[in-house]
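Since the model is a prediction, treat every value here as computed from it, not as a measurement. Nothing fancy with the numbering, it's 1 onward along the sequence. Basis for what follows: all heavy atoms, side chains included, without hydrogens, waters or symmetry-related copies.
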Amino acid sequence: MTTAVTVPTVASASSYSAARSQSVKLIWRKSMGKHTYYTFSGARYSHHLGYRWNYMKRNPNTTWYTDMHEKVQVKSTGKYRIYYHVVSGNGKHGGWIWRGYLKSGHNPYSTTSENTAKAYIALKESGNSYTAVNGLYYGKYQLTKSYLGGDLSAANQEYVANMYVASRYGTWVKAKAFWVGHGYF
């Protein structure tokens, strides 16, 4: 069963790649049940991978829901890959992503308590400013510029802060508890 899919996000002309689009062969595309995932890796693409809509790290607090899947063959290697079509919980973003990037379940950073804890830290650290500077520390979460890898964009600050908290504390709620006791995180 082949079904047309609309993606609510508009890609820029610079994200189109004819080579990428022609590098795969569609084997099948089918509807699938609604499953819940999250990820911080990979990118969302149009069908046949022609357009790259955006990198998944640009939506670090998003829970994604599947509705379709497809099997493609990479022409250069002959190997097969399964891609899932995902749509954001608010319906504003969508696209195809290789299933290997997806983690099952709701995004741990999208819950109310997690968002509240994250907002608390951002307010205390920078007054919610992505351009706040305090000595070596920069941005909304006051991370070092080297830790941000030179990318000072809001999306990268969110991504790096989420990864930092996940590796050091496990959750924003635990990071907030540490912040309350120590005045930093």
Using distance only, find each side-chain donor-acceptor pair of residues 177-185 under 3.5 Å and give its atom names and separation, not counting sequence neighbours.
unit_1 : atom_1 : unit_2 : atom_2 : d
W179   : NE1    : E125   : OE2    : 2.6
H182   : ND1    : F178   : O      : 3.0

Where do Y137 and L143 land on the side-chain contact (heavy atoms from CB on, under 4.5 Å) test, with the steps shown first?
-> CA-CA 5 Å; Y137 303 100; L143 301 168; 5.9 Å; no
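- Counting heavy atoms from C-beta on, the side chains of I97 and M56 come closer than 4.5 Å.
- Note that the CG atom of L152 and the OH atom of Y130 stand 13.0 Å from one another [nearest 0.5 Å].
- For A132, the side-chain contact (heavy atoms from CB on, under 4.5 Å) criterion is met by S126, S129, Q142, not counting sequence neighbours.
- Remark: S146 pairs with T144 by the side-chain hydrogen bond (donor to acceptor under 3.5 Å, both in side chains) rule, at least two apart or across chains.
- Rounding to the nearest 0.5 Å places OG1 of T62 at 7.0 Å from CG of N107.
- Crowding of Y164 atom OH: a count of heavy atoms from other residues, nucleotides or ligands under 6.0 Å exceeding 12.
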Working for side-chain contact (heavy atoms from CB on, under 4.5 Å), residues S153 and R58 = CA-CA 10 Å; S153 69; R58 302 291 187 211; 3.7 Å; yes
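- The salt bridge (charged side-chain N to carboxylate O under 4.0 Å, His left out) check on E70 picks up R29, with sequence neighbours excluded.
- By the 4.5 Å heavy-atom criterion applied to side chains, V165 and T171 are not counted as neighbours.
- Legend: residues meeting ring pair (Phe, Tyr, Trp, His ring centres under 6.0 Å) with H69, ordered by chain and number and at least two apart, are W28.
- There is no path of hydrophobic side-chain contacts, each under 4.5 Å, that joins Y55 to W98.
- Sorted by first and then second residue, the pairs that involve residues 134-153 and meet salt bridge (charged side-chain N to carboxylate O under 4.0 Å, His left out), not counting sequence neighbours, are K140-E158.
- Residue pairs that meet the salt bridge (charged side-chain N to carboxylate O under 4.0 Å, His left out) test with at least one member in residues 173-185, sequence neighbours left out, do not exist here.
- Evaluation of the side-chain contact (heavy atoms from CB on, under 4.5 Å) rule for R99 yields I82, Y84 as partners, not counting sequence neighbours.
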Extract all donor-acceptor atom pairs below 3.5 Å that involve side chains of residues 19-27 and protein atoms in other chains or at least two apart in sequence.
unit_1 : atom_1 : unit_2 : atom_2 : d
R20    : NE     : L49    : O      : 2.7
R20    : NH2    : S15    : O      : 2.9
R20    : NH2    : G50    : O      : 3.3
S23    : OG     : R20    : O      : 2.7

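- Between the NZ atom in K57 and the CG atom in N162 there is a gap of 12.5 Å [rounded to 0.5 Å].
- In this structure, CE on M163 lies 8.5 Å from OH on Y147, to the nearest 0.5 angstrom.
- Listed by chain and number, the residues in a side-chain contact (heavy atoms from CB on, under 4.5 Å) with V133 are Y138 (sequence neighbours excluded).
- Between the CG atom of N61 and the CH2 atom of W172 there is a distance of 9.0 Å, given to the nearest 0.5 Å.
- Applying the side-chain hydrogen bond (donor to acceptor under 3.5 Å, both in side chains) test to every pair with at least one member in residues 71-80, sequence neighbours left out, gives no pairs at all.
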N/O donor to acceptor pairs below 3.5 angstrom from side-chain atoms of residues 32-41, sequence neighbours left out:
unit_1 : atom_1 : unit_2 : atom_2 : d
T39    : OG1    : S41    : N      : 3.1
T39    : OG1    : S41    : O      : 3.3
T39    : OG1    : Y101   : O      : 2.6

Run the numbers on Y141 and K118 for side-chain contact (heavy atoms from CB on, under 4.5 Å), then give the verdict.
-> CA-CA 9 Å; Y141 304 99; K118 186 176 183 180; 3.0 Å; yes
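- To the nearest 0.5 Å, atom OG of residue S46 and atom CH2 of residue W53 are 5.5 Å apart.
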